[in-house]
There are 2 protein chains.
Amino acid sequence: MEKTGYSKTAVKILEASLPLFAAHGFNGVAMRDIANTVGITAAALYNHFPGKETLYLRALEYAFADKVTNFADSLSAAEGLHGRLTCMIGFWVETLAGDVVLRSLLQREMSDADEQRLQLLLDRLFASVYLSSRDTLLALAGGRMDAHLLFFTILGMVLSHFQLAPIRRRLPGSLPAHEEVEVITRHLVTLLRDGVTTTP
Amino acid sequence: MEKTGYSKTAVKILEASLPLFAAHGFNGVAMRDIANTVGITAAALYNHFPGKETLYLRALEYAFADKVTNFADSLSAAEGLHGRLTCMIGFWVETLAGDVVLRSLLQREMSDADEQRLQLLLDRLFASVYLSSRDTLLALAGGRMDAHLLFFTILGMVLSHFQLAPIRRRLPGSLPAHEEVEVITRHLVTLLRDGVTTTP
DNA sequence: GTCTATAGCCGGATAGAC
DNA sequence: GTCTATCCGGCTATAGAC
């Protein structure tokens, strides 16, 4: 129930365009494709958005809206090393695992984003989560490790798991269990807690 | 000094196209762009490659050729937990840090690769490194952690560091030192060894 | 606000001279 | 093996009727 200021058709256009942009990228989607999905003609799109570039930017904004609600609260409520790590890992796993569109857009933007779109990602997703996590990470590992790098290492561990999944699946040792979010979360939390060492 | 079977011009075309494809993606590069970079016309490209799709595939093959020489030897020569982790992390850091083109292509392929191109990445880069690493990881952490997942977690930690760098740089706490490969390698090895815990 | 029609451009690919 | 010239299809965007 958000106040976006978009007309009903404009929202339909944004929601229709997002899976297309996610799957094929900006250059891989034609205005006709979006229009067909909505059920109108390409010309009608220009009544709602001035051009393709703007439509893409609005779609990105729309996709990344309201993704970080109450992360800060959950994190400050979590107790102990294990609880806080699980909270941080869990946030990213849940944000990324369920939403293929968000994940693909994010992945594409990491290759292609210009200054403006990077700023959008920062404002809508990364900045607030980073600021919430940083103090926790400093407290947990500040003595031994760089908290700034650590935040991105944690994010990267989760993100890359999804990115690399198509490659991982094709290598020996892959199991159906490796797709489950609980298994992945537990794997990452265990690694962050104690490292790989068999004998501590 | 490799035997590729390509004429001198064909090699020039491949080498000219790679930075373009890396920077702008398949759809973002015109045959005319490649031709201009080489210094010939677009029509002349078709004397060397039957079409754009094939040219892209050959360019990918070319980019990923000979990237894993003697990793297996280095790994088996490494001694101790620390030495082996450093070897594995170091391989990926070195492979990815120095080569922006390879990194961008890899990143784009992880979004867009079809069956054929995924197989190419597996054959040229991932399969052999994975097989060399797996036994080591099993021996190091087999009792506590899933070696299959662990391989991709390690790869992902390195890869995502470069991917996320544009975002990381814009957040408070970023330092010039965070760009240095030694700093990154040490950070990751420390984390993998012992986890984040301040008090072991 | 949507349609049809179309302008104007660009991209991949081909023909044929040299 | 490279060139010039060109075809043809697809793309964004606009004009104007309804």
Side-chain angles (χ1 to χ4, degrees), chain A residues 4-63 105 108-109 111-114 116-117, chain B residues 3-63 104-105 108-109 111-114 116-117:
Chain A
T4 58
Y6 288 121
S7 71
K8 291 216 166 131
T9 310
V11 170
K12 268 168 54 178
I13 292 169
L14 293 173
E15 290 178 348
S17 71
L18 277 169
L20 296 175
F21 284 132
H24 308 111
F26 180 81
N27 286 322
V29 177
M31 293 297 263
R32 284 177 181 85
D33 300 334
I34 300 169
N36 287 340
T37 310
V38 179
I40 57 178
T41 62
L45 294 176
Y46 292 85
N47 291 315
H48 303 275
F49 301 96
K52 189 184 178 185
E53 202 89 36
T54 307
L55 169 54
Y56 180 68
L57 203 66
R58 298 287 171 269
L60 269 192
E61 283 173 10
Y62 189 84
L105 290 171
R108 292 190 182 281
E109 285 307 303
S111 289
D112 287 330
D114 56 17
Q116 183 183 21
R117 303 206 307 264
Chain B
K3 178 87 166 48
T4 59
Y6 289 120
S7 71
K8 289 212 166 136
T9 310
V11 170
K12 267 168 56 179
I13 292 168
L14 292 173
E15 290 178 348
S17 71
L18 277 170
L20 296 176
F21 283 132
H24 307 110
F26 181 80
N27 287 323
V29 177
M31 293 295 266
R32 287 173 175 84
D33 299 335
I34 301 169
N36 287 342
T37 310
V38 178
I40 57 179
T41 62
L45 294 176
Y46 292 86
N47 291 316
H48 303 275
F49 301 96
K52 190 185 178 187
E53 201 89 36
T54 306
L55 168 54
Y56 181 67
L57 202 68
R58 297 285 171 271
L60 270 192
E61 283 174 9
Y62 188 84
S104 301
L105 290 171
R108 293 189 181 280
E109 284 307 302
S111 289
D112 288 331
D114 57 14
Q116 184 184 20
R117 304 208 303 264

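Below, chains carry the letters A, B, ... as their sequence lines are ordered, and counting in each starts from 1. Nothing here was measured: the structure is a model prediction, and the numbers come from that model.
- Mapping B:Arg32 and A:Ala43 onto DNA chain D by nearest heavy atom places B:Arg32 closer to the 5' end of the strand.
- Taking atom NZ on A:Lys52 and atom P on D:dG10, their separation rounds to 15 Å, with Å as the unit.
- For the pair A:Asp33 CG and D:dG10 P, the computed distance is 12 Å after rounding to whole Å.
- Rounded to whole Å, atom P of C:dT4 lies 16 Å from atom OH of A:Tyr46.
- Between B:Phe21 atom CZ and C:dG11 atom P the separation is 13 Å, expressed in whole Å.
- Separating the CG atom of A:Asn27 from the P atom of D:dG10 is a distance of 17 Å, rounded to the nearest angstrom.
- Here A:Asp112 pairs with B:Arg108 in a salt bridge; the nearest charged N to carboxylate O distance falls below 4.0 Å.
- Distances were taken from every side-chain heavy atom of B:Ile40 (C-beta onward) to each of C:dG1, C:dA13, D:dC3; the shortest belongs to D:dC3.
- For B:Ala30, the side-chain atoms get nearest to C:dG11 when compared with the rest of D:dT12, C:dG11, C:dG1.
- Here D:dA13 presents its C1' atom at 14 Å from CG of A:Leu55, a figure rounded to the nearest Å.
- Checking D:dG1, C:dT14, D:dT4 against the side-chain heavy atoms of B:His48 singles out D:dG1 as nearest.
- Using a 4.0 Å heavy-atom cutoff across all strands shown, B:Val38 reaches no nucleic acid atom at all.
- Checked by atom type and distance alone, the side chain of B:Asp33 pairs as donor or acceptor with a backbone atom of B:Ala30 at under 3.5 Å.
- Summarising the geometry, atom CD1 belonging to B:Ile13 is positioned 5.5 Å from atom CZ belonging to B:Phe49; distances are rounded to the nearest 0.5 Å.
- A parallel orientation is assigned to the rings of A:Phe21 and A:Phe26, their planes being inclined by less than 30° (bins at 30° and 60°).
- Distance, B:Lys12 NZ to D:dG1 P: 12 Å, rounded to whole Å.
- Counting to the nearest Å, the P atom of D:dA13 and the CG atom of A:Leu45 are 10 Å from each other.
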